[in-house]
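This report concerns only the one structure given below.
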Amino acid sequence: TGVAVEIPADAKDWLGVTSSTVGTNPTVTFYAKNNEGGDRETTVTFKTTDGSKEYTSQATISQKGAIVECNVAQFLAAPVSNSQYRVTGVITKIAKAEYGNIYIKDFSGEAYVYGVGAKGDFEKLGLKVGDIVTLVGKRGEYKGSAQMTGAQYESHIPVTPVTIEEFLSKPDDKNTYYMVTGTISSLKGSNGKDNDYGNLYITDGANELYVYGCYPGWGAKGDDRKFFIADNDIKVGDKLTMIGYKDTYNGLVELCGGICFGFEHAE
């Protein structure tokens with residue numbers, strides 16, 4: 001004698017019933033609002049009766065969503081779900097190349113990626129530590145530790161390790177990134193907070209390179225770029241590894257868009 005539908009309370013803001021017909025083959029038509037967030041799903045319950053007994057049946061309705069673009073910290077704070085997240089970061093470690101088990105880091109934190117694509121896919125990409133990669137995957141968890149699962153490769157920016165001397169000889173190009181290591185020879189300002197953005201010089205003993213900004217990691221903007229030098233007590237004499245592109249300003253060669261890949265305090 002007809003059919004009634006129950007939609008869970010937490011799904012009523014996006015899922016509803018357009019119409020319900022009676023007869024030999026009752027039909028229920030649902031509508032779902034446009035989904036600007038991640039994937040979502042709910043289980044609806046159908047109820048009917050023959051006049052003396054009630055019958056129920058359930059069905060799961062799922063809706064694909066937009067890919068949520070976020071930084072590493074936001075990804076780690078997200079709940080475990082089927083939602084898809086787009087995250088970009090520098091590869092800091094390759095745990096198992098065969099399966100693409102890697103670590104990526106941006107200005108906000110570091111995340112473990114439990115596999116990129118199918119077995120062997122990561123190796124075919126030729127990615128290495130230092131490259132800047134964009135992945136899409138789900139927020140998973142293993143023994144209480146957050147991780148990205150089902151990751152798929154989208155794009156990457158190759159980063160080429162070079163010496164300071166080699167960097168100085170490269171052509172200006174905002175789309176080509178290098179990794180350069182040197183010892184800090186001078187810092188702008190008398191203390192870290194006089195140098196909000198980390199403008200400094202590094203040297204290899206024979207060559208010197210101006211670093212126009214030392215930021216905490218990929219994706220930092222606005223105030224997130226500030227005080228990395230002071231917050232980490234980085235001083236003249238410390239060893240610094242930077243990733244950035246080459247540009248020239250008023251005849252001075254600069255490493256620009258610079259993010260810190262790592263540093264070592266002088267003994």
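The residues of the chain are indexed from 1 along the displayed sequence.
A salt bridge links Glu141 and Arg139; the closest N-O separation between the charged side-chain nitrogens and carboxylate oxygens is under 4.0 Å. With salt bridges taken as basic N to acidic carboxylate O contacts below 4.0 Å, none links Asp10 and Lys12. Salt bridge Lys226/Asp223: present, at least one basic N to carboxylate O contact under 4.0 Å. Contact check on Glu254 versus Lys246 returns no salt bridge, with no Lys/Arg side-chain nitrogen under 4.0 Å from an Asp/Glu carboxylate oxygen.
Judged purely by distance below 3.5 Å, without hydrogens or angles, the side chains of Glu110 and Thr92 pair a donor atom with an acceptor atom. Looking at Asp172 and Thr248, their side chains do bring a donor and an acceptor atom within 3.5 Å of each other.
Taking each heavy atom of Tyr103 and Ala95 in turn, the nearest pair found is CE1-CB, 4.4 Å. Nearest approach of Asp233 to His265, heavy atoms of both residues: O-CE1, 3.2 Å. A pairwise comparison of heavy atoms in His156 and Val133 identifies CB-CA, 4.0 Å as the closest pair. Looking at every heavy atom in both residues, Ile234 comes nearest to Asp238 through CA-OD2, 3.4 Å. Between Pro161 and Lys128 the shortest heavy-atom distance is CD-CE, 4.2 Å. Nearest approach of Asp131 to Leu127, heavy atoms of both residues: OD2-CA, 3.6 Å.
A side-chain contact (heavy atoms from CB on, under 4.5 Å) with Leu240 is found for exactly one of Val180, Thr183, Leu200, Thr181, namely Leu200. Residue Phe263 forms a side-chain contact (heavy atoms from CB on, under 4.5 Å) with just one option from Ile229, Asn232, Ile184, and that option is Asn232.
The line from OG1 of Thr134 to CH2 of Trp218 is 8.0 Å long, rounded to the nearest 0.5 Å. Atom SG of Cys260 sits about 15.0 Å away from atom CZ of Phe107, to the nearest 0.5 Å. Taken to the nearest 0.5 Å, the CH2 atom of Trp14 stands 5.5 Å off from the CD atom of Gln63. A distance of 10.0 Å separates OH of Tyr85 from CD of Gln74, quoted to the nearest 0.5 Å. How far CD of Glu166 is from OH of Tyr178: 10.0 Å, rounded to the nearest 0.5 Å. Between atom CZ of residue Arg86 and atom CD of residue Gln152 there is a gap of 12.5 Å, rounded to the nearest 0.5 Å.
You'll find the side chain of Phe30 reaches within 4.5 Å of the side chain of Ile61, heavy atoms only. In this structure, Ile243 and Val90 have side chains that are in contact, with non-hydrogen atoms separated by less than 4.5 Å. The shortest distance between side-chain heavy atoms of Ile102 and Leu135 falls below 4.5 Å. Counting heavy atoms from C-beta outward, Ile259 and Met242 have side chains that stay 4.5 Å or more apart. Under the 4.5 Å side-chain criterion, counting only non-hydrogen atoms from C-beta, Met179 is in contact with Phe261. No side-chain heavy atom of Thr149 sits less than 4.5 Å from a side-chain heavy atom of Tyr142.
Note on Leu15 and Phe46: same hydrophobic cluster, where clusters join Ile, Leu, Val, Met, Phe, Trp and Tyr whose side-chain heavy atoms are under 4.5 Å apart, directly or indirectly.
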(request) Could you please spell out the steps behind the side-chain contact (heavy atoms from CB on, under 4.5 Å) verdict for Thr29 and Val17? (result) CA-CA 6 Å; Thr29 303; Val17 175; over 6 Å; no
(request) Check the pair Phe167 / Val253 against side-chain contact (heavy atoms from CB on, under 4.5 Å), numbers first and verdict last. (result) CA-CA 9 Å; Phe167 183 89; Val253 173; 4.2 Å; yes
(request) Apply side-chain contact (heavy atoms from CB on, under 4.5 Å) to the pair Leu209 and Leu168, showing each step before the final yes or no. (result) CA-CA 8 Å; Leu209 172 63; Leu168 294 171; 3.9 Å; yes
(request) Determine, step by step, whether Ile94 and Val129 satisfy the side-chain contact (heavy atoms from CB on, under 4.5 Å) criterion, reporting the C-alpha distance in whole Å, the side-chain angles of both residues, the deciding distance to 0.1 Å, and the verdict. (result) CA-CA 7 Å; Ile94 298 175; Val129 169; 4.2 Å; yes
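Under a 3.5 Å cut-off, the side chain of Ser83 and the backbone N or O of Asp39 do form a donor-acceptor pair.
A 6.0 Å sphere centred on OH of Tyr114 holds no more than 12 heavy atoms belonging to other residues, nucleotides or ligands. A 6.0 Å sphere centred on OH of Tyr212 holds no more than 12 heavy atoms belonging to other residues, nucleotides or ligands. Sparse packing is recorded around NZ of Lys239, with 12 or fewer heavy atoms of other residues, nucleotides or ligands lying under 6.0 Å away.
Stacking of Arg225 on the aromatic ring of Tyr215 is recorded, both the 6.0 Å distance cut-off and the 45° axial limit being met.
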